[in-house]
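I have placed the structure first, in the form of structure tokens, so that the comments after it can refer back to it.
Along the sequence shown, the residues carry numbers beginning at 1. The figures that follow rest on heavy atoms only: side chains count, while hydrogens, waters and symmetry mates do not. None of these values were measured; they are calculated from a predicted model.
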Amino acid sequence: MIARLAALGAAAALSTTAAAARDYCPTRPSLGQSACVLDPGRAAIETALSDWERDDDRDTVLFGDTLFRLGLTDRIEAQVNWTPLGIERDRGDGRRTARTGDIEIGGRIALRNPDGKGLSYGVQPSVTVPVGRSPIGGGGWGAGIVAPISYDLSKAPDLQFSPELAWMPREEAAGHMVATTATVGLGITLSDRCQVTAEGQWSHDDEATQHRVALALAWQLSPDLQIDAGGVAGLDADTPKLRVYSGISHRF
């Protein structure tokens, strides 16, 4: 499947004009999603170098959580996301459980300004394939759609909004449930290579309603390479208390 996507992306690249390449817009490190897509034929790998989350009764560490992106056309990119290893530690008895995560297959379709400049919006559908096991995997098939919207004011603040609707397995009972999430963000450019993003997120499903705030810093080392770090704080009893993460994104 990935080979077919790569061939399609290469064919699309040959059919494009010699216009200047777009600026690289990694999905990391925001909680929300971006509306911009990669140039046809370009690929990107965006990987977590560290990702630790703490709750009252457990710690969870993810290793190598990776998003693969491939530009297919001027407005469409394919995406595959997988966590190869996660470890959950029970804070009561110290028991550790190591599992792989599920695979999420989807894409991003830019409906306006695929380079992410000015007012940009699109849709991002996905399907979750249950190859992992609980507690890192969800334990069943899932599907979701995000409608990212951003307003890039160039050197001024960048406004972001990501509403999401998902169909996902229940954690504490059999069957599936519908979950809704809304993420609002404000990105501030500190320099040509550095941006800080502040976000607030609300999510709701049949089992809990969660509220969190996040702050992340992204540093672009080159036009195709970015590193990042961020932190998330839960604001209520149903939300994990703290999450700290870092990562690297590279476009090819």
Side-chain angles (χ1 to χ4, degrees), residues 1-2 4-47 66-82 103-128 143-166 180-189 195 197 199 201 216 218 220 223-226 228 247 249-252:
M1 180 188 66
I2 293 179
R4 289 185 179 180
L5 291 175
L8 179 60
L14 292 175
S15 64
T16 58
T17 64
R22 297 170 187 159
D23 292 338
Y24 180 30
C25 54
T27 298
R28 297 188 57 87
S30 300
L31 299 180
Q33 297 290 332
S34 170
C36 64
V37 302
L38 294 173
D39 292 295
R42 302 297 297 271
I45 296 178
E46 304 177 6
T47 301
T66 298
L67 172 66
F68 172 76
R69 303 169 59 194
L70 177 66
L72 300 179
T73 72
D74 185 59
R75 291 181 176 269
I76 301 175
E77 70 173 45
Q79 298 184 347
V80 179
N81 198 165
W82 183 48
I103 293 178
E104 184 177 307
I105 302 173
R108 181 179 296 162
I109 304 169
L111 302 178
R112 179 185 172 91
N113 290 336
D115 59 1
K117 296 181 179 179
L119 177 62
S120 179
Y121 52 83
V123 292
Q124 185 172 310
S126 64
V127 174
T128 301
I145 186 167
V146 188
I149 305 169
S150 64
Y151 190 31
D152 183 4
L153 302 174
S154 186
K155 294 185 179 299
D158 176 16
L159 305 177
Q160 307 163 5
F161 177 53
S162 296
E164 179 178 359
L165 184 65
T180 55
T181 302
T183 307
V184 178
L186 174 65
I188 300 176
T189 300
Q195 184 180 61
T197 302
E199 293 175 291
Q201 186 179 75
Q220 199 154 10
D224 296 316
L225 181 64
Q226 174 188 282
D228 65 73
S249 304
H250 187 251
R251 180 177 64 174
F252 300 92

Audit row: Thr66, Thr47, side-chain hydrogen bond (donor to acceptor under 3.5 Å, both in side chains) steps and yes/no = CA-CA 4 Å; Thr66 298; Thr47 301; 3.1 Å; yes
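- Side-chain atoms of Glu46 do not come within 3.5 Å of backbone N or O of Pro26 as any donor-acceptor pair.
- Rounded to the nearest 0.5 Å, atoms CZ (Phe68) and CD (Gln79) are 10.5 Å apart.
- To the nearest 0.5 Å, atoms CZ (Arg69) and OH (Tyr24) are separated by 6.0 Å.
- Ser150 has its side chain within reach of Asp158: a pair of non-hydrogen atoms, C-beta onward, lies under 4.5 Å apart.
- How far CZ of Arg108 is from CG of Leu72: 12.5 Å, rounded to the nearest 0.5 Å.
- Of all heavy-atom pairs between Gly32 and Glu199, the closest is N-OE2, 3.1 Å.
- When side chains are defined from C-beta on, Glu164 does not count as touching Thr183, because their heavy atoms never get closer than 4.5 Å.
- Considering only heavy atoms from C-beta on, Arg42 stays 4.5 Å or farther from Arg22 through its side chain.
- Inter-residue side-chain proximity for Tyr121 and Asn113 is flagged as unmet; no heavy-atom pair is nearer than 4.5 Å.
- Ile45 places a side-chain heavy atom less than 4.5 Å from the side chain of Phe252.
- By the 4.5 Å heavy-atom criterion applied to side chains, Pro29 and Thr197 are not counted as neighbours.
- Residues Leu67 and Arg28 are not in side-chain contact: their nearest non-hydrogen atoms beyond the backbone lie 4.5 Å or more apart.
- Here Asp115 contributes atom CG and Asp39 contributes atom CG; the two are 9.0 Å apart, rounded to the nearest 0.5 Å.
- Closest non-hydrogen pair, Phe161 versus Ala182, comes out as CE1-CB, 4.1 Å.
- Taking both residues in full, the closest heavy atoms of Ala35 and Ala110 are given as O-CB, 3.7 Å, listed atom of the first, atom of the second, then distance.
- Rounded to the nearest 0.5 Å, atoms CD (Gln195) and OG1 (Thr189) are 4.5 Å apart.
- The two residues Asp74 and Pro114 have their closest heavy-atom pair at O-CB, 3.5 Å.
- Using a 4.5 Å heavy-atom cutoff, the side chains of Ile103 and Val80 are in contact.
- Nearest heavy atoms, Glu77 versus Cys36: OE1-O, 4.2 Å.
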In sequence, state the C-alpha distance, the side-chain angles, and the governing distance for Val184 and Leu159, and then conclude on side-chain contact (heavy atoms from CB on, under 4.5 Å).
-> CA-CA 8 Å; Val184 178; Leu159 305 177; over 6 Å; no
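- Taking CD from Gln33 and OG from Ser162, the interatomic distance works out to 6.0 Å, rounded to the nearest 0.5 Å.
- Of all heavy-atom pairs spanning Pro223 and Arg251, the tightest one is O-NH2, 3.6 Å.
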